[in-house]
There are 2 protein chains.
Amino acid sequence: MHLIKGKEYPCHSSVTMALIGGKWKTVILFHLIEKPLRYNELRKGMQTVTERTLSLQLKTLQEDGIIKRKVFSKKPPLKVEYSLTEFGKTLIPLLTSIANWGDYVTTKFLK
Amino acid sequence: MHLIKGKEYPCHSSVTMALIGGKWKTVILFHLIEKPLRYNELRKGMQTVTERTLSLQLKTLQEDGIIKRKVFSKKPPLKVEYSLTEFGKTLIPLLTSIANWGDYVTTKFLK
DNA sequence: CTGGATCCTAGATGATACTG
DNA sequence: CAGTATCATCTAGGATCCAG
């Protein structure tokens, strides 16, 4: 049993899932591997996500230190860029493994 | 965009998360890597899971073809064993990567 | 021993409209 | 452009009891 930030986890794997689990987090992170992206670029890349959900997911990823938010202009129109932190970059091998297995599944097993 | 069993996924990684995401699935699978386990052995190994939740998670993992259920006795007391299918075994490298990263997180970053 | 039946809560996600 | 506010919904997960 592991205790992190006041929450208990029954297994190392559940720690990971708490940080990158959910419907959208891996998708966001996967898009940010290649290069930093703006809010609207992420939205277009993900299509079916809503503004609110994307916004919330980005916020929790920031709070967990996985991505960082950089503001380039103070007056509208705003320019904001999201990118992986150094900590977030340690996830890259895992993210690619996750995507690769998903790819394997789509091609080999399910239709 | 990928279509599997009538559901849409915006990214390969979200296919994977749909199959092994959630609070308990990776924990269950991680326990089953080493050897098949009975229902109660899983419960004891996971401690904080409830009967209902474990039962439901096992069911969906079966439906997705990741684990299989084998019954050894027909009259109570029942003996049932859960184990990874061949398909489920393709997840082992991913599961260990997930657990390793969680371990890395607990030791290096958070307290 | 296995795990279904019932009831319930909290959190995650969605739709839409609106603001600095 | 980059979000926030509000309301609604959906689902995972938990508590408890009980049956084959």
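Chain letters run A, B, ... following the sequence lines, proteins first, then strands; residues in each count from 1. None of these values were measured; they are calculated from a predicted model.
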Query raised in the report: In whole angstrom, what separates Leu58(B)'s CG from dG3(C)'s P?
Result: 8 Å
Show the distances under 3.5 angstrom between N or O atoms of the protein and N or O atoms of nucleotides 10-13 of chain C.
residue: dT13(C); atom: OP1; partner: Lys23(A); partner atom: N; Å: 2.8
residue: dT13(C); atom: OP2; partner: Gln57(A); partner atom: NE2; Å: 2.7
residue: dT13(C); atom: O4; partner: Arg52(A); partner atom: NH2; Å: 2.6

**Report entry** Rounded distance (Å) that lies between atom C1' of dG4(C) and atom CD of Gln62(B)
**Finding:** 14 Å
Query raised in the report: For Lys25(B) and dA12(D), is the shortest distance between a side-chain N/O and OP1 or OP2 below 4.0 Å?
Result: no
Query raised in the report: Once you build an axis from the first five pairs and another from the last five of the helix from dC1(C)-dG20(D) to dG20(C)-dC1(D), how far apart in angle are they, to 10 degrees?
Result: 60°
Report task. Would you mind reading off the distance between Glu81(B) atom CD and dC1(C) atom P, rounded to a whole angstrom? Result -> 15 Å
Listing time: all N or O pairs from protein to nucleotides 17-20 of chain C that are below 3.5 Å?
residue: dA17(C); atom: N6; partner: Glu51(A); partner atom: OE1; Å: 3.0

Query raised in the report: Within the structure, does a side-chain N or O atom of Lys59(B) lie under 4.0 Å from either OP1 or OP2 of dG3(C)?
Result: no
Query raised in the report: Quick one: Tyr82(A) OH to dG3(D) C1', roughly how many Å, whole number?
Result: 8 Å
Query raised in the report: Roughly how many Å is it from CZ in Arg69(A) to P in dC1(D), rounded to a whole number?
Result: 16 Å
Report task. To the nearest Å, give me how far apart CE (Met17(B)) and C1' (dT11(D)) are. Result -> 16 Å
**Report entry** Sub-4.5 Å side-chain heavy-atom contact between Phe87(A) and Asp64(A)
**Finding:** no
Query raised in the report: Any side-chain heavy atom of Val80(B) sitting closer than 4.5 Å to one from Lys70(B)?
Result: no
Query raised in the report: Any side-chain heavy atom of Arg69(A) sitting closer than 4.5 Å to one from Leu58(A)?
Result: no
Query raised in the report: dC1(D) P sits how many Å from Arg43(A) CZ, rounded?
Result: 9 Å
Report task. Would you indicate whether the side-chain heavy atoms of Ile33(B) and Leu91(B) approach each other to under 4.5 Å? Result -> no
Requested in this report: For Lys89(B), check salt bridge (charged side-chain N to carboxylate O under 4.0 Å, His left out) against everything at least two apart and list the hits.
Outcome: Glu86(B)
Query raised in the report: Can Met1(B) be reached from Met46(A) by stepping across I, L, V, M, F, W or Y side chains whose heavy atoms are under 4.5 Å apart?
Result: no
**Report entry** Shared hydrophobic cluster, Val71(B) / Leu37(B) (ILVMFWY, side-chain heavy atoms < 4.5 Å)
**Finding:** yes
**Report entry** For Arg52(A), side-chain contact (heavy atoms from CB on, under 4.5 Å) partners two or more places apart
**Finding:** Thr50(A), Leu56(A)
Query - N/O (side chain, Tyr39(B)) to phosphate O (OP1/OP2, dG4(C)) under 4.0 Å - result: no
Report task. Could you tell me whether Phe72(B) contacts a base, only the sugar-phosphate backbone, or nothing, with contacts defined as non-hydrogen atoms closer than 4.0 Å? Result -> nothing
Per-pair distances, 0.1 Å, donor-acceptor, side chain in residues 15-31 of chain A, under 3.5 Å, sequence neighbours excluded:
residue: Thr16(A); atom: OG1; partner: Ile98(B); partner atom: O; Å: 2.7
residue: Thr16(A); atom: OG1; partner: Gly102(B); partner atom: N; Å: 3.0
residue: Thr26(A); atom: OG1; partner: Ser13(B); partner atom: OG; Å: 3.3

**Report entry** Glu8(B) side chain reached by His2(B) side chain, heavy atoms, under 4.5 Å
**Finding:** no
**Report entry** Min side-chain heavy-atom separation Gln62(B)-Tyr82(B) under 4.5 Å
**Finding:** yes
Query raised in the report: Are any of the side-chain heavy atoms of Tyr39(B) and Glu41(B) separated by less than 4.5 Å?
Result: no
Query raised in the report: Quick one: Met46(A) CE to dG3(D) P, roughly how many Å, whole number?
Result: 14 Å
